[in-house]
Amino acid sequence: MDTYFINKKEWNKYIGEKSAEIKTYAPYESTEPLLSNGTQFVKTDNNQSSSLFWKTVNPENVDNVVYDRMHPVAPLKIFFFPFKERILPAIGNVEPFIIIGATNCDLLALDTTDKVFINNDYKDPTYGLRREQATIISIDCQKPDEYCFCELWGNRTYPEKNFDLNLTYMEDGFIVEIGSEKGEKIIRGIAKKEKTAENSMKIRESIRKQTKNIVQANNSKYKLCEMGHIRNDIPACMENKIESPGWKSGAFDCVQCGACNASCPTCVCFLLEDFSSRVSFSKTKIWDYCLYQSYAKMASGVSPRSLLWERYANRLLCKYRYMVKNLGIVGCTGCGRCISGCPGKIDKRKILEEVFKENGEYI
Ligand code: SF4
Ligand code: SF4
């Protein structure tokens, strides 16, 4: 794909002007606490002094967009599959919008949400509209936190697909890779740009290598099965693990808050809620959380997974086994949000290791 070098001043001028015409979102740093007890959900990494939050870009704040860190706290899916959305009466129109700062873990997760909401026999029209109207400008991660583990599952720290433009931030500007016609149109609208020089591509390679090394070093102590396995295979060591005692130790510190579900870019479960009165009717789609006791509960009050450890096991088996069987995609991209956001400080990597180790199955 074609690549260009664009000076940061030129890029900011273009995005500042664009943001006045089209709703544009990007990551911004914030040190504001989300929770009063200062848990990890506020600072995703003890080495980092702030977290990243999606905000609306405007010509005044365009210089503060963050291009050289990692993913924001909220997953990219919120732009396509919002927490709560009316589906009846149907939303007939979605205005075009731009998202800047998507990372590879979130872009790969679009394979899962697309498969569930549009690439099957039953389509979600609003999800489809939002996907069509979005322009996605992604970035290479450069400062992953201690919870990111994409490389452990064979995923990269930089985007390879599902973007319109990808930016690699360098001191004075960006290497911009075109990923689609939408992206090409943006590049045509920027007057000052240069074809990428060989030296810039070497710098991009070294940035990518450096980030990969950070993720690999942070995860070197975890011996997960089939490390770096092909993404769409079911790890053999996940077979026959429904009754594993490892799930019980995982669930021991779980407070059933649902943060792991809410922050996950591939969680797709939702509830439908009806509101009716004499004069109107509406149906709303709301995220559902499989760690909640009420999840999948039937009208009789019976739950298929009444015990917490069963729900915990189900969440992980869903990601690494059921989604692979049903969708052909591993339902975890290694973003690490379910680890950084867990108030019980449960590190899923340790739990998986424990489960895999049973019967001496891990490699
Ligand atoms: S984030 Fe942690 S405590 Fe909350 S539901 Fe998930 S596993 Fe349980
Ligand atoms: S399961 Fe956890 S690490 Fe995997 S994609 Fe979801 S939030 Fe990220």
Side-chain angles (χ1 to χ4, degrees), residues 34-35 37 39-42 44-45 51 70-78 81 102-113 115-116 141 144-157 162 215 218-219 222 224 229 231-232 235 238 246-269 287-295 305 307-324 327 329-355:
L34 275 184
L35 302 173
N37 64 359
T39 60
Q40 294 166 28
F41 210 65
V42 183
T44 52
D45 186 329
S51 291
M70 51 178 281
H71 59 66
V73 170
L76 182 70
K77 76 170 183 195
I78 58 167
F81 171 35
T103 51
N104 194 36
C105 50
D106 279 0
L107 294 174
L108 290 173
L110 292 177
D111 288 345
T112 303
T113 52
K115 186 93 182 185
V116 170
C141 283
D145 72 13
E146 63 190 90
Y147 308 107
C148 296
F149 65 100
C150 53
E151 287 282 342
L152 212 52
W153 289 99
N155 294 332
R156 302 282 80 88
T157 58
N162 296 345
V215 178
N218 284 345
N219 288 281
Y222 300 106
L224 299 189
H229 73 101
R231 197 170 168 253
N232 297 338
M238 287 302 273
W247 307 128
K248 290 185 185 158
S249 77
F252 188 77
D253 291 319
C254 174
V255 295
Q256 306 183 56
C257 65
C260 51
N261 294 127
S263 60
C264 179
T266 66
C267 274
V268 285
C269 290
W287 290 358
D288 196 4
Y289 301 153
C290 59
L291 264 298
Y292 281 4
Q293 206 176 19
S294 55
Y295 181 79
R305 285 173 288 274
L307 301 175
L308 176 55
W309 77 263
E310 293 172 327
R311 298 195 292 280
Y312 185 81
N314 178 63
R315 178 167 193 275
L316 270 65
L317 286 165
C318 174
K319 299 290 173 199
Y320 299 104
R321 191 153 178 263
Y322 308 148
M323 278 189 169
V324 189
L327 308 175
I329 307 165
V330 173
C332 173
T333 63
C335 74
R337 288 183 179 98
C338 59
I339 308 172
S340 63
C342 176
K345 297 198 189 316
I346 303 168
D347 191 327
K348 186 175 71 173
R349 293 168 293 191
K350 287 186 197 151
I351 306 303
L352 286 173
E353 198 176 39
E354 208 175 308
V355 171

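Computed from a predicted structure; not experimentally measured. We count ligands from 1, going down the list as the structure has it; atoms in each ligand are counted the same way.
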Within C332, is some N, O or S atom less than 2.8 Å away from atom 4 (Fe) of ligand 2? yes
From atom 8 (Fe) of ligand 1, work out which of C338, C290, C254, A262 has a heavy atom at the shortest distance. C254
What are the atoms of ligand 1, with element, lying closer than 4.0 Å to any heavy atom of L291? 5 (S)
With distance as the sole test, does D106 use its side chain to make a donor-acceptor pair with the main-chain N or O of P75 at under 3.5 Å? no
Which residue owns the protein heavy atom closest to atom 2 (Fe) of ligand 1, what's the atom, and how far is it? C342 SG, 2.4 Å
What protein heavy atom is closest to atom 4 (Fe) of ligand 1, reported as residue, atom name and distance in Å? C257 SG, 2.3 Å
For the side chain of W287 and the backbone of F81, is there at least one donor-acceptor N/O pair under 3.5 Å apart? yes
What is the nearest protein non-hydrogen atom to atom 1 (S) of ligand 1, stated with its residue, atom name and distance? C260 N, 3.3 Å
Using every non-hydrogen atom in the two residues, find where G331 and M323 come nearest and quote the distance to one decimal. CA-SD, 3.4 Å
Non-hydrogen atoms of N218 and R349 that approach each other most closely: O-NH1, 4.5 Å
For atom 6 (Fe) of ligand 2, what is the nearest protein heavy atom, given as residue, atom name and distance? C264 SG, 2.4 Å
Quick note on ligand 1: atoms under 4.0 Å from a heavy atom of G258 include exactly 4 (Fe), 5 (S)
Answer with yes or no whether F149 contacts ligand 2, where contact means a heavy atom under 4.0 Å from a ligand atom. yes
More than 12 foreign heavy atoms under 6.0 Å from CZ of F252: is that the case here? no
Residue, atom and distance of the protein heavy atom nearest atom 5 (S) of ligand 2 read T333 N, 3.4 Å
Hey, which atoms in ligand 2 end up nearer than 4.0 Å to a heavy atom of K348? 1 (S), 2 (Fe), 3 (S), 4 (Fe)
For G336, the ligand 2 atoms whose distance to one of its heavy atoms is below 4.0 Å: 3 (S), 8 (Fe)
Consider only side-chain N and O atoms of N104 and N155, and report whether a donor and an acceptor are under 3.5 Å apart. no
Between D111 and V330 (side chain of the first, backbone of the second, donor and acceptor by atom type, cut-off under 3.5 Å), is there such a pair? no
For ligand 1, note which part of V255 has a heavy atom under 4.0 Å away: side chain, backbone, both or neither. both
Check for a donor-acceptor pair, side chain of R305 on one end and backbone N or O of R311 on the other, with a separation under 3.5 Å. no
Does a donor on one side chain sit under 3.5 Å from an acceptor on the other, for Y295 and N314? no
Give the contacting part of R315 toward ligand 2: side chain, backbone, both or neither, where contact means a heavy-atom distance below 4.0 Å. side chain
